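Quick notes on the structure that follows.
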Amino acid sequence: MRTALLQGSIEQFEIRKLICIGRNYADHAKEMKAEVPKAPMFFLKPSTAIIGNGGTIIIPPISNDLHHEVELTVLLGKGGKNIAPGDAMEYVAGYGIGLDMTLRDVQAEAKKKGLPWTLAKGFDTSAPLSSFVPAAWVPDPHALNVKLTVNGVARQHSTTANFIFTIDTLLSYVSQFITLEPGDIFFTGTPEGVAQTVSGDKLEATLTSPTGETLAALSVQVR
Ligand code: MG
């Protein structure tokens, strides 16, 4: 799946870059024993890492410790560079839910050696994505609930009100260095509760409104 679908619309976006924000919830930075960043920290995943709803995450043999990270995803409808924070929300086409699947053991080794995270974060099937709810249907993207269950048991549950950096800040910051394009997707960071997931698990992620309405949902399995 390399096309982003906007609910209730015939509009489709060919997906370009996946820009992933690290440590955007203080509780997650704490559980990773990492400092709360002073500026956004980000990395990229290739678009070949994407799978859609109903897809299967395949654990590469190099890892024995696949982790789930549930995250709000932000689809861009237009591109730009040096975007001012005050203009940034105009670039958003929609919101969804995604999983930043991470080979935690491979990442830990990379951190220790000062090597890139590309293998730990960008392997095939590491980016499950839901469809997107149009931005116009979401009055406040900083008041949404992100939730993940594994085999029906709650693992991660938080609200985007807990972001360290808001969406406008993230888009503006990254656009200073990397030109944003329509079809780019931001993964906005994961809350606390990241943990191992193993072959046979069923992962179900949802994005809900403050009143509990489901805006986007994603169900994938691990093999
Ligand atoms: Mg993440």
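For ligands, and for the atoms within them, numbers begin at 1 and follow the listed sequence. This one's a predicted model, so the numbers in the text were calculated from it and none came from an experiment.
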Distance-only criterion, 3.5 Å: show the donor-acceptor pairs between side-chain atoms of residues 97-107 and protein atoms not counting sequence neighbours.
residue	atom	partner	partner atom	Å
Asp100	OD1	Lys45	NZ	2.7
Asp100	OD2	Lys121	NZ	2.9
Thr102	OG1	Asp100	O	3.0
Thr102	OG1	Lys121	NZ	2.8
Arg104	NE	His67	ND1	3.0
Arg104	NH1	Glu69	OE2	3.1
Arg104	NH1	Gln107	OE1	2.9
Arg104	NH2	His67	ND1	3.4
Arg104	NH2	Glu69	OE2	2.8
Asp105	OD1	Ser63	OG	2.8
Asp105	OD2	Ser63	OG	3.4
Asp105	OD2	Asn64	N	2.8
Asp105	OD2	Asp65	N	3.4

Inset, instruction - Indicate yes or no for a side-chain donor-acceptor contact from Asn53 to the backbone of Ser219 under 3.5 Å, with no hydrogens or angles considered. - result: yes
Legend entry - Total protein N, O or S atoms, the Mg ion (ligand 1), separation less than 2.8 Å: 3
Inset, instruction - Kindly say whether Leu215 contributes a backbone atom to a donor-acceptor pair with the side chain of Gln7 at under 3.5 angstrom? - result: yes
Legend entry - Backbone N/O of Ile167 and side chain of His142: donor-acceptor pair under 3.5 Å: yes
Legend entry - Side-chain donor or acceptor of Thr73 paired with backbone N/O of Phe187 under 3.5 Å: no
Inset, instruction - Verify whether the ring centers belonging to Phe165 and Tyr173 lie closer than 6.0 Å. - result: no
